[in-house]
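Encoded as structure tokens, the structure appears first; notes follow it.
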Amino acid sequence: MDAVDLFRKLGAGAKFDFKRFGKDAGRFKVTTVWLFFCICFSYIYLIPVYCYIDAENKTDGGEEEELENRGIQWLSSQDKKAKGPKTKAKDQLSLKRLKQLHSEKVNQIRHSNRINVHGTDIPDPLSTFEELQKEYGLDPRIIQNIKAAGFQTPTPIQMQAIPLMMHRREILACAPTGSGKTMAFCLPLLAHLRQPFNKGFRALIVAPTRELASQTHREMLKLSEGVGFRVHMINKGVDAVKKYGPKSAKKFDILVTTPNRLIYLLNQDPPALDLSSVEWLVVDESDKLFEDGKTGFRDQLATIFLACSSPKIRRAFFSATFTTEVEKWCKLNLDSLVCVNIGPRNSAAETVEQELLFVGAENGKLLAMRDLIKKGFMPPVLVFVQSIERARELFHELVYEGINVDVIHADRTQQQRDNVVSSFRSGKIWVLICTALMARGIDFKGVNLVVNYDFPTSAVEYIHRIGRTGRAGHKGKAITFFTEADKPLLRSIATVIRQAGCPVPDYMIGFKKIKSKVKRQLEKKPPRRSTIRTMPRFLIKKKPGKRKR
DNA sequence: AAAAAAC
């Protein structure tokens, strides 16, 4: 069984813990294996119960010495002073009361920030960035950088994920789009590495697109400014071979990259990259990188997992959306996993005003789009379509409208992609037509409107697309065109919209639920749509698709 | 369907 096979099996939710049971386990018969799985599963489902009982015991048990020895910050400095010299009985009583008050306070903080957390021994949420310096020894310069970037207080995901990672806990974290996930994993990495150390990469962040990797890289640079960490991104495979290979000076700390470039380096002979000193692996957009199938990311992720061979390795998974598959895998394969959820799972950001617009048939979309432009709009605007070809077509339709429009997709050169992103960031482009390339993680400041020109292929895709607006507490708007052909998925997306508090006609919710098998098929094969064209054909630049499929 | 590598 080769490495990738192993991971596939793990991905399917089956795990056999060879480490724990030794090689004899391999000789077990199928039935025994089944029995083992059953025990495993029942154990996992009982964890919350144990957890609850455990917590009860702790608050009532009066084992204050043990608690203090474990370094749990039960008492604020004031509380400690207030303790004073008292008789032992009174002391115990007041300590018990303080602990009770403390846990009430913590629960209240979690509740009011909609932090749901599952697991054992969970550290208290953070309420200010300054605590990072006091409790975890974060460089004060980094706190300064945070403040300079305009962040005053931690967001809910940061409040809980940062202390967890600081305690070296492996986590699966889900928080809405634009709610500060990037900083939630960047800060613990910086705090945990303490200082630059010439040993090779000690932290690795993987993201599904180059644009997202480069954004995270920039964010990391900004946060660590003046501290001297060496944060790298793989730009070109060939250059990187020399840069990180066995003959390099090994002066780096953090690597941000997309999976396939990393694998290219690992596959060189000799390997051009050594991941054996990586202590933190962060998987951003984890559900995307877990995508299975021939063209999915999963096999690539598997290779990366196995290359991070340090016994000290800790892993953290982040995304705005949640799949049970990722959860199952994490529960089975990570060490005493903690799940953090902010608000309800798989929900759209509530800061986005969402609208569904019936446009009749396919040709109605272009009319609706032109209408939208004519009526006036507030740039910048993102327009999502389902394929590269349609992105090109729509671009050629809108380029003569007298607006600054451009297009981005994976068939453009890296140079073009970089230019488009920076022009859109600086406001030179008003309307950007894009594929799923832009759907995840990208943080454009102040996108006012997202138009779903083509209906998203799933509710998850919808949540990510519209999450490009309404970020960091700002307001945003999303308009989703739909035609008769989009009816199968209308219900699930209408449900997401209603859950976020936006009005949706009742009849849509009343549609029959489609089978999950059909749903999956729709994700892989979205409805065929007729060409976007009113311009004479000869005006359209043809670009023969050389993409390997 | 889209995304992700390079020579």
Side-chain angles (χ1 to χ4, degrees), chain A residues 4 204-216 233-245 255-269 271-273 283-304 307 319 321 382-394 407-414 416-417 421 433-442 452-462 464-465 468 485-486 488-489 519-529 531-532 545-549:
Chain A
V4 171
L204 172 62
I205 302 168
V206 200
T209 64
R210 300 200 277 255
E211 281 70 14
L212 181 54
S214 113
Q215 178 184 292
T216 306
M233 195 177 85
I234 307 175
N235 277 318
K236 248 189 166 209
V238 260
D239 303 343
V241 170
K242 285 181 198 158
K243 211 162 147 191
Y244 308 119
L255 180 62
V256 191
T257 184
T258 48
N260 224 3
R261 289 169 177 226
L262 192 65
I263 286 163
Y264 171 76
L265 297 187
L266 293 172
N267 284 341
Q268 298 297 305
D269 190 26
L273 187 64
V283 182
D284 199 6
E285 305 294 346
S286 49
D287 52 338
K288 182 75 191 175
L289 292 176
F290 237 80
E291 236 169 48
D292 202 357
K294 237 189 172 129
T295 55
F297 277 113
R298 190 179 290 182
D299 291 349
Q300 298 173 29
L301 193 59
T303 313
I304 295 169
S319 184
T321 47
L382 275 174
V383 182
F384 281 97
V385 292
Q386 85 181 4
S387 71
I388 291 174
E389 196 46 46
R390 288 176 66 78
R392 283 196 198 107
E393 288 167 8
L394 184 58
V407 59
I408 189 168
H409 49 68
D411 258 6
R412 302 203 76 185
T413 64
Q414 193 55 53
Q416 286 173 323
R417 280 163 67 165
V421 167
I433 298 161
C434 57
T435 59
L437 174 66
M438 285 286 115
R440 281 177 178 256
I442 301 299
N452 285 316
Y453 189 91
D454 288 334
F455 208 66
T457 55
S458 68
V460 163
E461 161 102 350
Y462 175 79
H464 286 279
R465 282 188 187 182
R468 295 321 97 206
D486 303 312
L489 272 174
K519 244 185 215 172
R520 279 198 296 274
Q521 281 169 356
L522 277 169
E523 268 182 55
K524 282 173 193 151
K525 275 200 178 78
R528 271 186 77 89
R529 309 185 190 278
T531 321
I532 306 170
K546 265 182 78 183
R547 282 171 71 77
K548 289 170 279 180
R549 280 290 92 169

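In what follows, every chain begins at residue 1, and chains take the letters A, B, ... in the order their sequences are listed. Note that this is a predicted model, so its numbers are computed, not measured.
Of the residues near DNA chain B, A:Glu211 and A:Asp239, the one whose nearest nucleotide (by heavy atom distance) lies more toward the 5' end is A:Glu211.
Every salt bridge (Lys or Arg N to Asp or Glu O under 4.0 Å) that A:Arg390 has, sequence neighbours left out, goes to A:Glu362, A:Asp454. The ring-ring contact (aromatic ring centres under 6.0 Å, His included) search around A:Tyr453 returns A:Phe481, not counting sequence neighbours.
Separating the CG atom of A:Asp411 from the C1' atom of B:dA4 is a distance of 13 Å, rounded to the nearest angstrom. A straight line from NE2 of A:His464 to P of B:dA3 spans 16 Å, rounded to a whole angstrom. With rounding to whole Å, A:Phe297 atom CZ is found 9 Å from B:dA2 atom C1'. Going from atom CG of A:Leu265 over to atom C1' of B:dA4 covers 13 Å, rounded to whole Å. Remark: C1' of B:dA4 and CZ of A:Arg261 are 9 Å apart, rounded to the nearest angstrom. One can place CZ of A:Arg529 at 12 Å from P of B:dA2, the figure rounded to the nearest angstrom. Going from atom CD1 of A:Ile234 over to atom C1' of B:dA4 covers 12 Å, rounded to whole Å. The separation between A:Asp292 atom CG and B:dA3 atom P is 19 Å, rounded to whole Å.
Comparing atom distances between the A:Thr209 side chain and each of B:dA1, B:dA2, B:dA4 picks out B:dA4 as nearest. If you check B:dA4, B:dA2, B:dA1 against the side chain of A:Thr435, the one that comes closest is B:dA2. When the nucleotides B:dA2, B:dA1, B:dA4 are ranked by their closest atom to the side chain of A:Pro526, B:dA1 comes out on top. Relative to the side chain of A:Ala436, the nucleotides B:dA2, B:dC7, B:dA4 differ in distance, and B:dA2 lies closest. Considering only side-chain atoms of A:Val238, the nucleotide from B:dC7, B:dA3, B:dA5 that sits closest is B:dC7. You'll find that the side chain of A:Thr295 is closest to B:dA3, out of B:dA1, B:dA5, B:dA3.
Between A:Arg210 and A:Gln414, the closest side-chain pair of non-hydrogen atoms falls below 4.5 Å. A 4.5 Å side-chain heavy-atom check between A:Glu393 and A:Ser387 finds every atom pair outside the cut-off.
Taking only side-chain nitrogens and oxygens, A:Arg390 never comes nearer than 4.0 Å to OP1 or OP2 of B:dA2. For B:dA4, one of the phosphate oxygens OP1 or OP2 lies less than 4.0 angstrom from a side-chain nitrogen or oxygen of A:Arg417.
Among the heavy atoms of the strands lying under 4.0 Å from A:Lys236 are primed sugar atoms or P, OP1, OP2 only; no base atom is included.
A salt bridge links A:Lys288 to A:Glu291: at least one charged side-chain nitrogen sits closer than 4.0 Å to a carboxylate oxygen.
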